[in-house]
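Every heavy atom of this structure was used, including side-chain atoms; hydrogens, water molecules and symmetry mates were not.
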Amino acid sequence: MAAIDQSKIRNFCIIAHIDHGKSTLADRIIEKTGLLTSREMQAQVLDNMELERERGITIKAQTVRIVYQAKDKEEYIFNLIDTPGHVDFNYEVSRSLAACDGAILVVDAAQGIEAQTLANVYLALDHDLDVLPVINKIDLPSADPERVIEEIEDVIGLEAQEAPRISAKTGLNIEEVLEQIVEKIPAPGGSADNPLQALIFDSVYDSYKGVIVFCRLKEGRVKVGTTIQMMATGATADVVEVGYFGAGQFIPCDELSAGMVGYITASLKNVRDTQVGDTVTDANRPCSEPLPGYKKVNSMVYCGMYPADGAKYPDLRDALEKLQLNDAALQFEPETSIALGFGFRCGFLGLLHLEIIQERLEREYNLDLVTTAPGVIYKVHKTNGELIELTNPSNLPDPAEIDYMEEPVVSAEIMVTSEYIGAIMDLCQERRGTYISMEYMEETRALLKYELPLNEIIYDFFDALKSRSRGYASFDYEMKGYARSELVKLDILINKEEVDALSFIVHSGTAYERGRKMCEKLKEEIPRHLFEIPIQAAIGSKVIARETVKAMRKDVLAKCYGGDISRKRKLLEKQKEGKKRMRQIGNVEIPQKAFMSVLKLDDK
Amino acid sequence: MERNHEKRKELELYLHIPFCVRKCNYCDFLSMPAEEEVRRHYVNCLLEEIMQRGESCREYHVSTVFFGGGTPSLLAGVQIAELMEAIRSSFWVDSDAEITIECNPGTLDRQKLLFYQNAGINRLSIGLQSASNRELQLLGRIHNCEQFLENYDLARKMGFENINVDLISALPGQKTEDWEYTLKKVLELRPEHISAYSLMVEEGTPFYETYGQDAECREQGGHPRELPEEETEQEMYLLTGQMLAEKGYRRYEISNYARPGRECRHNTGYWRGISYLGLGLGSSSLMDETRFSNTRNMEEYLGQCPGFKRENVTVLGKTQQMEEFMFLGLRMTEGISREEFQKKFQVEPEGIYGTALQKLCRENMLKQKEGRIYLTEQGILVSNYVLSQFLL
C-alpha cells in the first residue's frame with residue numbers, strides 16, 4: 001500500500017443528543033463512501049452489540065476507516081469514531097474525543113439544542129476539537145432549521161449559517177457533510193519521523209489475538225516487530241500486527257504513522273498492562289513525555305452482583321475482568337451476603353451503565369445474576385473521628401457510633417419547554433432538589449439548574465422526567481460534592497427474617513414512603529407459599545410498613561384431555577422453572593428479580 | 001375378530017372429533033364448527049387412519065375406546081357406527097371394552113342413541129356443566145338444563161347404565177349455593193360418574209378477554225371482581241367431595257368421582273401409563289414409551305390421508321418416565337405403588353425423590369401407607385405445587 005499523505009487524513013467523531021440521529025448519519029457516511037453497499041448495510045453498522053441495536057443506543061465507541069473521493073478529485077481517509085450519547089457514558093465520549101481532530105455536531109432540526117448537546121460540545125471544545133454543526137431531520141414536518149441555526153449561534157456561539165441541512169434517514173445532503181469534513185476539519189499534525197507517541201483510546205480482548213489496543217498516533221510510526229512500551233504501566237512487548245478498522249473487522253497493514261488511527265496487537269500477556277488513556281511509545285526510542293491522559297472516571301452507583309448459581313462465582317469474576325478491560329468505569333470487589341452468598345460489589349457510572357453491564361453479563365457470558373438495589377457512596381463520620389466510605393448498606397455501623405452522614409450531590413441541568421417547567425420543578429422538589437437557577441434559552445424553552453442528591457436520581461429520575469414532560473425534557477448532570485444529610489438504613493424482613501441484600505439507605509423524610517412501596521412491591525414479587533408470609537420494612541427495631549403474602553389455598557386445574565399431557569408438563573415445568581430463579585431465605589423462596597424491585601418503586 | 005388376547009399388550013383408543021355447533025366461551029380445545037361436507041370428509045379420513053394404524057397394532061388388544069371432542073354427538077349416528085365398525089375390524093377390541101362417547105345434550109336424540117347402542121358404545125359422557133340456564137348461557141352452551149334432563153332420561157330408558165356428567169364450578173359470579181344447586185340436581189339423577197372441574201380461564205378464549213385479568217389477579221392472591229374468590233372456589237371443591245361422598249361417590253382422581261367400580265377406565269389409563277393411540281386431528285399417543293401426536297391443522301390432516309404422519313415424536317427417557325409415573329400417578333387418590341416404581345425402574349422412589357418426598361410428607365402434602373404414596377387432602381388442593389417437585 002502506498003504511503004498515506006497525512007494531509008489527506010481526517011479524524012473525527014459525531015456528537016449529538018440521544019436520538020438526534022448520530023448513528024444514522026454514521027451509517028449514511030459509510031454507505032455514501034462505498035465501504036459497504038446499501039445492500040450489505042445492516043441498519044446502524046457501528047452499533048455492533050446486539051444490545052446496542054435493540055436499545056437503539058451506542059454504548060461502546062466504535063471506529064471505522066473509510067475512503068472518500070472528494071470533489072477536488074483527491075482521496076481522503078476518514079477515521080470515524082462513533083461515540084455513545086447517554087449521559088452515563090460521558091467517559092467513553094471523552095476517550096474518543098482525544099483521538100479526534102474534529103467533531104460533527106448533529107442537532108435535530110425540530111428539537112434544537114438539548115442538555116446533552118451542550119455537554120458534548122463543551123467536552124469537544126475542552127479537547128480543542130473543531131466543531132462542525134449539521135442540522136438533521138429536516139424532512140420532519142416540525143423541522144425549523146433556521147431557528148435551530150440561530151440557537152446554535154446564540155447558545156453555543158458556533159458559526160452555523162453554512163451548516164449542512166440534512167436528513168440522515170433519507171440520505172439528503174450527505175455529500176455536503178462529506179465535503180465540509182474535508183474543508184473544515186483539520187488534517188492531523190505530528191510527524192512520522194518523531195519518536196512514537198500514541199494514545200490508547202480503547203482496547204478489546206480477542207481470544208485469538210489477545211489484547212487489541214485501539215490507538216491514535218500523534219507522533220512517530222509503529223510496525224510489526226517494533227518493541228513498544230506502555231508509559232504508565234511500563235510494560236513492554238513486541239508488536240505482532242498493526243492495522244486499521246474496516247466495517248466490523250480488523251484489516252492488517254504494514255505500518256501506522258503519525259495522524260493515523262488503528263490498532264496494535266502485541267505479545268501482551270496481561271490485560272491490565274494496557275490501560276485506556278496510557279501512551280504507547282517505542283521502547284528503543286521513547287518520546288520525552290506521555291500525552292495527557294483522559295479524565296479519570298469514578299463510579300457513582302454501586303450494587304451487589306451475585307451469580308444465581310453459587311458455583312458460577314469464578315465465571316462471574318472472569319466475565320467482570322473481561323468487561324473491565326475496555327470499560328474503565330466498571331469497578332468491582334468481592335463481597336458476601338447472608339442471603340445471596342458470594343458475589344461482587346460493583347461500581348458504575350449510572351443506572352444505564354449498570355443495566356448494560358448486567359445485560360452483557362447475562363447475554364455475552366451466559367450468567368444468571370441476582371442484582372441488589374443500587375446505591376451511592378455515603379460518607380459516614382463516626383463519633384470516634386473515623387470516616388467510612390460506605391458502598392454496601394449492610395456495612396453501616398451501629399447508629400450509636402455514627403456522628404453524622406454525608407451523601408453525594410450532583411449539579412443537574414434540565415432543558416425543558418416552558419409548559420412543563422412546573423411539573424419538572426415539582427419532580428425536583430419531590431427528589432429533595434435545591435433550586436439554583438432558571439434561564440430562558442428562548443421564549444419557549446428554559447434551562448433549569450438544580451442540585452439533587454445522587455441517590456434520588458439513580459433509580460428512575462430519567463424516566464420520571466420523560467413521563468412528566470411527555471418526553472420534552474432532557475437532562476445532564478455532574479458530581480458536585482458531598483452534603484450532610486439525615487439518612488437511615490431501611491431493613492426488610494421477610495417472614496420475620498432480615499434480608500441483608502434488600503437493605504438500603506434512604507433519607508429519613510422519605511423512609512416511610514419507600515418502606516411502604518417496597519413492601520407492596522415485594523408482595524407482588526414473592527409467590528404464595530403454603531403458609532402466610534409477612535413482609536416488613538423497619539428502621540432499627542421499629543417496623544414502619546407491613547404487607548402479607550397470603551397462603552396458597554387451591555390450584556385451578558385444567559382438564560387433561562385426550563391424553564395430551566404436554567400442556568400439563570409445561571405448566572409444571574413453568575412452576576419448577578420459577579423455583580430455579582428463587583433464593584431460599586429461611587423457609588421462603590424469593591424470586592431473584594425481587595432484589596431489583598426497589599428500582600421500580602415509582603413507576604405507576 | 002378373535003377375542004383371545006392373553007399375550008397381547010393393553011391399548012386404549014382415543015378418537016378426536018373436532019367439531020361443535022358453536023365454540024363455548026371458555027373452550028380452548030381443538031374444535032370448530034364445520035359444514036357437513038367437511039365433517040364427512042373428516043370421517044372418511046379418520047376411517048382410513050383407523051385402518052392404517054390398526055395394521056401396526058396387531059400385538060395389542062384394545063381395552064377402552066373414547067370418542068372425545070369437540071362434540072362427537074354432532075356427527076350422525078351412522079358415522080359413529082361406521083367408525084366403531086372400522087375399529088372392530090382393525091383392532092382386537094376386548095368383549096368387555098369400555099366404549100365412551102362424549103355428548104352435548106343439545107345434539108342428542110333417540111336415533112343417535114340407538115346407533116351408539118347397536119355399535120356397542122356402553123358409556124355416555126354428557127357435558128352438562130351447570131344445571132342453571134343462566135350459567136349455561138354465560139358459558140355459551142347451546143343447550144339448556146331441560147334438554148339435558150330429557151336426553152338423560154331417554155338414555156336411561158334405552159338402557160345406558162354407565163353415564164358420566166361433566167360439570168364446571170367456579171364460574172363468574174357463581175356462589176357456593178349456586179354450585180350446590182347444580183350438584184343437587186345432578187345427584188338426583190344418580191349418574192355413575194361425575195367429573196367436576198373448576199373453570200380455567202384460558203388464553204385465546206372469549207372468557208380470557210373478559211376474565212383474564214381477574215384470573216391473574218386471583219392467582220396472585222388478590223381479590224377477583226367477577227370470578228369467585230379462591231376461598232369460595234376451595235369451598236366449592238370441598239363441598240363437592242362431601243356431597244358426593246354422602247351419595248356413595250368416591251373421589252378417585254383430583255376432579256373425578258364415581259360410584260364403586262364405575263371409575264372411568266379410559267382416563268385412569270392415562271394416569272397409569274397404559275399405552276394409548278390417538279386417532280384424528282391433533283390427538284396424542286403413547287406407545288412403547290414414545291409420545292407422538294397428529295397434526296393440529298385440519299387441512300394438513302385431510303391432505304395427509306391416507307399416509308398419516310406422526311408429529312412431536314418423543315422417546316421417553318428413563319427420567320421422563322419416572323417423572324410421568326409420579327406426576328400422573330399422583331393425580332389418583334390411591335396414588336402410586338412403591339413396588340410398581342421399584343419394578344419399573346429398578347430403584348426405590350426414595351432413591352430418586354428422597355428430598356422431595358421427605359419435604360412433601362413433612363409439609364403434610366403427601367402420605368405413605370401400605371406401600372403407596374398419595375396426596376393428602378391439602379396436597380390435592382395445591383397439586384401443582386406438589387407435582388412440579390417430581391420433575392427432575
Chemist: Answer yes if the side chains of Asn384(B) and Lys574(A) hold a donor-acceptor pair under 3.5 Å, and no otherwise.
Modeler: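 Judged by distance alone, the side chains do not pair up.
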Chemist: Around Ile338(A), counting heavy atoms of other residues, nucleotides and ligands shown, do more than 12 lie under 6.0 Å from its CD1?
Modeler: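 Counting neighbours around CD1 of Ile338(A), 12 or fewer heavy atoms of other residues, nucleotides or ligands fall under 6.0 Å, so no.
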Chemist: Counting only heavy atoms not in Lys570(A), do more than 12 fall under 6.0 Å of its NZ?
Modeler: no
Chemist: Let me know if Leu392(B) has heavy atoms under 4.5 Å from chain A in its side chain, its backbone, both or neither.
Modeler: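 When you check distances to chain A, only backbone atoms of Leu392(B) fall under 4.5 Å.
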Chemist: Go through the atoms of Glu219(B) and report whether side chain, backbone, both or neither lie under 4.5 Å from a heavy atom of chain A.
Modeler: backbone
Chemist: Can you find a pair of side-chain heavy atoms, one from Leu391(B) and one from Arg569(A), that are under 4.5 Å apart?
Modeler: yes
Chemist: Measuring from atom CG of Leu530(A) to atom CE of Met365(B), what distance do you get when rounded to the nearest 0.5 angstrom?
Modeler: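 That separation rounds to 4.5 Å.
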Chemist: Less than 4.5 Å to any heavy atom of chain A: does that hold for the side chain of Gln220(B), its backbone, both, or neither?
Modeler: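 Contact with chain A: backbone only.
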Chemist: If you count the non-hydrogen atoms of other residues, nucleotides and ligands that lie under 6.0 Å from CZ in Phe342(A), is the total more than 12?
Modeler: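 Counting neighbours around CZ of Phe342(A), 12 or fewer heavy atoms of other residues, nucleotides or ligands fall under 6.0 Å, so no.
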Chemist: Considering only heavy atoms, which portion of Glu524(A) lies under 4.5 Å from any heavy atom of chain B: side chain, backbone, both, or neither?
Modeler: neither
Chemist: Checking Ser198(B) against Lys554(A): is there a side-chain donor and acceptor pair closer than 3.5 Å?
Modeler: yes
Chemist: Measure Asp28(B) against the heavy atoms of chain A and call it side chain, backbone, both or neither at under 4.5 Å.
Modeler: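 Contact with chain A involves both backbone and side-chain atoms of Asp28(B).
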Chemist: Going by heavy atoms in the side chains, are Gln378(B) and Arg553(A) under 4.5 Å from each other?
Modeler: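 No - every pair of side-chain heavy atoms lies 4.5 Å or more apart.
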Chemist: What's the spacing between Leu572(A) CG and Ser388(B) OG if we round to 0.5 Å?
Modeler: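 So the gap between those two atoms works out to 6.0 Å.
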Chemist: Return yes when atom OH of Tyr512(A) has more than 12 non-hydrogen atoms of other residues, nucleotides or ligands closer than 6.0 Å, and no otherwise.
Modeler: no
Chemist: Roughly how far, to the nearest 0.5 Å, is the CZ atom of Phe327(B) from the CD1 atom of Ile565(A)?
Modeler: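 These two atoms lie 4.0 Å from each other.
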Chemist: Taking only residues at least two apart or on different chains, which pairs with a member in residues 62-72 of chain B satisfy salt bridge (charged side-chain N to carboxylate O under 4.0 Å, His left out)?
Modeler: none
Chemist: Looking at Glu230(B) and Arg528(A), is there a salt bridge between them, counting it only when a charged N and a carboxylate O are closer than 4.0 Å?
Modeler: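 Salt bridge present between Arg528(A) and Glu230(B).
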Chemist: Given Glu231(B) and Lys550(A), is the salt bridge (Lys or Arg N to Asp or Glu O under 4.0 Å) satisfied, shown in steps?
Modeler: CA-CA 11 Å; Glu231(B) 284 78 2; Lys550(A) 281 207 297 184; 3.6 Å; yes
Chemist: Once rounded to the nearest 0.5 Å, what's the spacing between atom NZ of Lys568(A) and atom CD of Glu324(B)?
Modeler: 13.0 Å
Chemist: Does any heavy atom of chain A fall under 4.5 Å from the side chain of Leu286(B), the backbone, both, or neither of them?
Modeler: neither
Chemist: Kindly check if the number of other-residue, nucleotide or ligand heavy atoms within 6.0 Å of CD (Glu377(B)) is above 12?
Modeler: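 Open.
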Chemist: So which atom in Val382(B) and which in Asp555(A) form the shortest heavy-atom distance, rounded to 0.1 Å?
Modeler: C-OD2, 3.0 Å
Chemist: For Arg291(B), is it the side chain, the backbone, both or neither that has a heavy atom under 4.5 Å from a heavy atom of chain A?
Modeler: side chain
Chemist: Crowded around Glu573(A) CD? As in, over 12 foreign heavy atoms under 6.0 Å?
Modeler: yes
Chemist: Tyr385(B) versus chain A, heavy atoms under 4.5 Å apart: side chain, backbone, both or neither?
Modeler: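 For Tyr385(B), backbone and side chain are both near chain A.
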Chemist: With a 4.5 angstrom heavy-atom cut-off, which part of Leu387(B) approaches chain A: side chain, backbone, both or neither?
Modeler: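 Contact with chain A: backbone and side chain both.
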Chemist: Give, as side chain, backbone, both or neither, the part of Gln320(B) having an atom under 4.5 angstrom from any heavy atom of chain A.
Modeler: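 For Gln320(B), the contact with chain A is made by backbone and side chain together.
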